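Some notes on the structure that comes next.
What you see is a predicted model, and the numbers here were worked out from it, not measured in a lab. Protein chains get the first letters and strands the later ones, always in sequence-line order, with residue 1 at the start of each.
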Number of protein chains: 2
Amino acid sequence: MARSRGHQSPDEEVAAPEAPSTRERILAVSLALFNTRGLGRVTTAEIAAAAGIREGNLQYHFPRKSSLVEAMFAGFEAEAAAVAGRMPADPGALLAYQRAWFDLIWRYRCVYRDGIAMVEIAPAVRPRVHTLRARTQELARAVFDAAVAAGRLRIEPEALGRLIDNAWIVSSHWMSHRLQGGTELTEADLDWGFAQVRDLFVPYLVALQPE
Amino acid sequence: MARSRGHQSPDEEVAAPEAPSTRERILAVSLALFNTRGLGRVTTAEIAAAAGIREGNLQYHFPRKSSLVEAMFAGFEAEAAAVAGRMPADPGALLAYQRAWFDLIWRYRCVYRDGIAMVEIAPAVRPRVHTLRARTQELARAVFDAAVAAGRLRIEPEALGRLIDNAWIVSSHWMSHRLQGGTELTEADLDWGFAQVRDLFVPYLVALQPE
DNA sequence: GTCTATATATAGATAGAC
DNA sequence: GTCTATCTATATATAGAC
């Protein structure tokens, strides 16, 4: 496999499932380290070691740490757009939609857990964070407005705005809340967090379990 | 800066309100810097400069950064104990009580905003964080149970547990949520955050405005 | 593409003069 | 108590060999 290009074409005819490129491996281990230890507390040396390469090689793929953070955030943007595109027309599918967002936030929790450090390391992402959040909140607003119109949610417009903000905060930061005990987070914690978010909506749900 | 403060004696008989000791000044500017920039992104050099002293002097008062963080957290513990002691017997004073906690969290927001970095810098505070949180949550539980008993709050016991968790998360992290836009937080934001927390309880309040 | 080797900057901590 | 001067460790980035 003589790949001489920096960007390898992902459209291969046969499904050669393994052999992830070094670049992809770097991004994967970076995200994992950023998520568990925080963006500002992970060194390039650690990333290189976790990826099984030397620091010089890491510098070849990502000249500086900010490049790495920007690439990571670009992945988040792309996945967020994908989730946004799966917005359900039926308000009954609200739960699955919420869960999709929740899982995404979980996989990129470093963005929320350490958002300030992120924009300090990579200032270029700051406007992108703002844009992404504004668009996402707009989208959420539309989804829940539809749920109100469909009679599944009973809430005043202003209260809905505050509810969405609270849902956003809990979705983004329940991990930090659980982490401070010192233990690692597991998938079981993920369900706990989702239940917490769901609970915010319970008082306003017209039919929680439509059977 | 022709200020010749060779040595000031802090033990004056009259209540000379000013002339804070160097140690107190260090703690004050540290807290301010930790709050605005994050525990892990503030250097000892910055702290010394902000306190108007040299780094060597800072080392005299706090031999290592962890000493400083531990002292800051001890201040938080002391103030938390003070707030806890003002727990109201009357459930009608719930709002003022919540506000006192909210203000405390605001003044020590670095503890929540950067809790992971805190325990990495100063591992000795980890069990103390855990203890403090457990005690505080217990206290909150007692207060709200009393409110339920007094008929001011209508909610099931399990739901109350989740509600308290959500109130804790929003109280602790609404700042991070607002900060990611890039601007500094102001006191006006504080009211926004408090309104968000209050909104969590609204669906369960029996009498929101008792006239 | 990956490596070795090195450079630069900064953070944190130390020793000792005053 | 406060300072100057220095030391060590580490993080990030560069240059060039293979």
- Reading nucleotides 4-18 of chain D from the 5' end, what letters show protein touch, with B for base, S for backbone sugar-phosphate only, - for no heavy atom under 4.0 Å? B------SBBB----

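Partners of B:F194 by ring pair (Phe, Tyr, Trp, His ring centres under 6.0 Å), not counting sequence neighbours, listed by chain and number: B:F102. Judged as a ring pair (Phe, Tyr, Trp, His ring centres under 6.0 Å), and not counting sequence neighbours, B:F34 has no contacts. A search for ring pair (Phe, Tyr, Trp, His ring centres under 6.0 Å) contacts involving B:F201 returns B:F144, not counting sequence neighbours.
Among pairs with a residue in residues 75-86 of chain A, those fulfilling salt bridge (Lys or Arg N to Asp or Glu O under 4.0 Å) read A:E77-A:R128, A:E79-A:R107, at least two apart in sequence or across chains. For residues 46-68 of chain B, the pairs satisfying salt bridge (Lys or Arg N to Asp or Glu O under 4.0 Å) are B:R37-B:E46, with sequence neighbours left out.
Here the C1' atom of nucleotide C:dT4 and the CD1 atom of A:I53 are 14 Å apart, to the nearest Å. Rounded to whole Å, the distance from CD1 on B:I121 to C1' on C:dA13 is 15 Å.
A close approach under 4.0 Å does not occur between any side-chain nitrogen or oxygen of A:Y60 and OP1 or OP2 of C:dT2.
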